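Take a look at the structure below.
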There are 2 protein chains.
Amino acid sequence: MARSYNQFCGLAHALDLAGERWTLLIVRELLAGPRRYTDLKDGLLNIPTNVLAARLREMQDNGLVARRRLQPPAASVVVYQLTAEGERLGEAILELTRWGMRTLPADAGARPFRAHWLVLALRASFDPQAARGVSESYELRVEGDQSVSLEIDDGEGSVHVGPAPDAAVRISADAETLAGLIAGALDGAQALERGARVEGDPAALARMREILPAPRA
Amino acid sequence: MARSYNQFCGLAHALDLAGERWTLLIVRELLAGPRRYTDLKDGLLNIPTNVLAARLREMQDNGLVARRRLQPPAASVVVYQLTAEGERLGEAILELTRWGMRTLPADAGARPFRAHWLVLALRASFDPQAARGVSESYELRVEGDQSVSLEIDDGEGSVHVGPAPDAAVRISADAETLAGLIAGALDGAQALERGARVEGDPAALARMREILPAPRA
DNA sequence: CCGCATCCGATGTGATACTG
DNA sequence: CAGTATCACATCGGATGCGG
C-alpha cells in the first residue's frame, strides 16, 4: 500500500484511501458515470498516463472503483466505475467543490475547461430550499459541444449531460462563460458581453438564479 | 506557488489550495482552536518538521491560516489560527470524516490516537434530527487525559474539550476504546470488555446513542 | 524548550516514448 | 485503445542543527 498517515481518525483514514494527488479528480470524472481509460485521461487534462494507471489500481485495491468489460459484442471495451463506497464520496466532493468555487478566479479562458464539469458545478450550486415546489428545467448549451441540463421535479433536482427539450430557460455560451456564470466569477452582464444568449421566460430565469446561487466569497 | 491542477473547476481549485499532503490534517488540528508550532507537530504525530513549516507558509499564502503573536507579556509565543476561509473548510472536512469513519478498521491500539480528535468524531457523528428538543450533556472521559463533551441545548449541539459537570451520561475509558465506540468500530459490549465504565441514566444513554449514530459500513 | 532551517536518502510525479 | 517502461526532477520523511 501507499504511504499512510496511520492515525486512528476518520479524516486521516479517508485521506489514506482517497487523499492522494489526482484521486478525488478521478472520482469527479466517474461520478458522471462509467468511463474508459482514454476518456478519463482526456477529462483530467494533464494527468500523466502512468499516474492514472497507478491510481486506478490503488482505487480498486481500496474498493472505490471497479474495472469491468462491457457485454459482448463490445467485450473488448474496458470501463471503470465507482463502487457504492466510491459513490458515497459524492457529498464530500460537493462540499469541497462549493468551497473551491467561492474563490475560483474569474480568469475564464486562462484555465482549461470541460463541458461535463458543469454537472458538478450545477450539483454543487443547487439549493433545495429555493427549489421547493418548482417543476421545470434549465439547459446550458455549450457552443460546439454538449448541453448540460438541470431538471427539477417538484423540488427534486437532477443534473445530466444532454439537452432539456422543454427547458424553461436556455442559456447558450462558450464553456468558460457558462462555467464562470455558475461559479459566480461572472455576473449576468459580463456573460452577455461575452456573447451569452438567453431564451425563455424572465420569471423562470429569476427562479433559476435563486435555485443556483453562486457560492461566492 | 506549488503544483497546480490548473483546471477551471471548483474541486480542482479547492485541491490546489488545500489538497496537498498533510494540509487538511493541519486544518483538522486548527479547527479546535489556535495552536502553536509544537502543538501542531505533536497533534499530527508523524509530520516532518520541514513539511509542517512549508505547509504553514503555503496556507498563509493561500489565505487559510494566519500567524499571530500573543499579546504582551506573552508576546514571544507564536500561534497559528484559521482565517474565516479556513474555517469554512469545516463542513467538507466533516463529510470526509464521516466517509472515512465508515471503514475505519477496528484495530484500536494499532494506530496512534489523540484525545482531542474525539471532538471531530463527535461533530461528524452528531445527528441534529435525533437531537431535536433534547437539552443535556454527555461527557467522554479519557483515562489519564482530558475529557471531551457534547452539550446539547434545545437540539443545538456543541462539542468542546473539557468536562461537562452536569453530564447526563459519562463514559470513561482509554482513548482508543472511546474512539472505537464513536466510530462504531466497537459496540457497547466490546467497549465494556475493554474496561469502559458508564455512569448516568440508561434512558439518556439510549438517547446519546441515537444522537451519535456511528456512520458505519 | 520553541520555532523553525538544513541536509540527505527514499519515494512519488510528470513528460515522453513505446508496445500488445 | 489501454496501458507499460524509462528517466529527470520535485517532494517527502527522517535526522540533525541552531539561534532566540
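Side-chain atoms are counted along with the backbone in the values below, which use heavy atoms only and exclude waters and symmetry mates. Worth saying up front: this structure is predicted, and the values here are computed from it rather than measured.
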Can you sort out which residues in residues 40-50 of chain B have a heavy atom within less than 4.0 Å of DNA chain C? Ascending by number, please.
->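 Only B/T49, B/N50 qualify.
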
Using whole Å, what does the distance between atom [atom2] of nucleotide [N] and atom [atom1] of [X] come to?
{"X": "A/Y5", "N": "D/dG13", "atom1": "OH", "atom2": "C1'", "result": "12 Å"}
{"X": "B/E58", "N": "D/dA10", "atom1": "CD", "atom2": "P", "result": "15 Å"}
{"X": "B/E20", "N": "C/dT13", "atom1": "CD", "atom2": "C1'", "result": "12 Å"}
{"X": "A/L15", "N": "D/dC12", "atom1": "CG", "atom2": "P", "result": "14 Å"}
{"X": "A/L52", "N": "D/dT4", "atom1": "CG", "atom2": "P", "result": "10 Å"}
{"X": "B/I26", "N": "C/dC4", "atom1": "CD1", "atom2": "P", "result": "12 Å"}
{"X": "A/L25", "N": "C/dG14", "atom1": "CG", "atom2": "C1'", "result": "15 Å"}
{"X": "B/D39", "N": "C/dC2", "atom1": "CG", "atom2": "P", "result": "8 Å"}

Side-chain donor-acceptor pairs of residues 40-52 of chain A under 3.5 Å, sequence neighbours excluded:
from  : atom 1 : to     : atom 2 : distance (Å)
A/K41 : NZ     : A/I47  : O      : 3.2
A/D42 : OD1    : A/R114 : NH2    : 3.3
A/T49 : OG1    : A/Y37  : OH     : 2.8

Under 6.0 Å between the ring centres of A/F8 and B/W117?
->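 Not close enough - the centres of the two rings lie 6.0 Å or further apart.
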
Rounded distance [0.5 Å steps], CD1 in B/I182 versus CE in B/M101 |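 So the gap between those two atoms works out to 7.0 Å.
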
Verify side-chain hydrogen bond (donor to acceptor under 3.5 Å, both in side chains) between A/R68 and A/Q81, making sure each step is shown before the conclusion.
-> CA-CA 8 Å; A/R68 252 190 40 218; A/Q81 65 183 348; 3.1 Å; yes

Residue list, salt bridge (Lys or Arg N to Asp or Glu O under 4.0 Å) with A/R21, at least two apart or on another chain =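 Applying salt bridge (Lys or Arg N to Asp or Glu O under 4.0 Å) to A/R21 gives none.
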
Below the 4.0 Å mark, does [N] have OP1 or OP2 next to a side-chain nitrogen or oxygen of [X]?
{"X": "A/R69", "N": "D/dA2", "answer": "no"}
{"X": "A/W22", "N": "C/dG12", "answer": "no"}
{"X": "B/R57", "N": "C/dG3", "answer": "no"}
{"X": "B/Y80", "N": "C/dC4", "answer": "yes"}
{"X": "A/R21", "N": "C/dG14", "answer": "yes"}
{"X": "B/R3", "N": "C/dT13", "answer": "no"}
{"X": "B/R55", "N": "D/dC12", "answer": "yes"}

More than 12 heavy atoms from other groups under 6.0 Å of CZ on B/R197 =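 Atom CZ in B/R197 is not packed in, count stays at 12 or less.
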
Do A/E139 and A/R170 meet the salt-bridge criterion of a basic N to acidic O distance under 4.0 Å?
->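 Here A/R170 pairs with A/E139 in a salt bridge, since their nearest N and O are under 4.0 Å apart.
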
Of all the choices, D/dA2, C/dT13, C/dC2, which nucleotide is nearest to the side chain of B/R36 once you look at every atom?
->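 The answer is C/dC2.
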
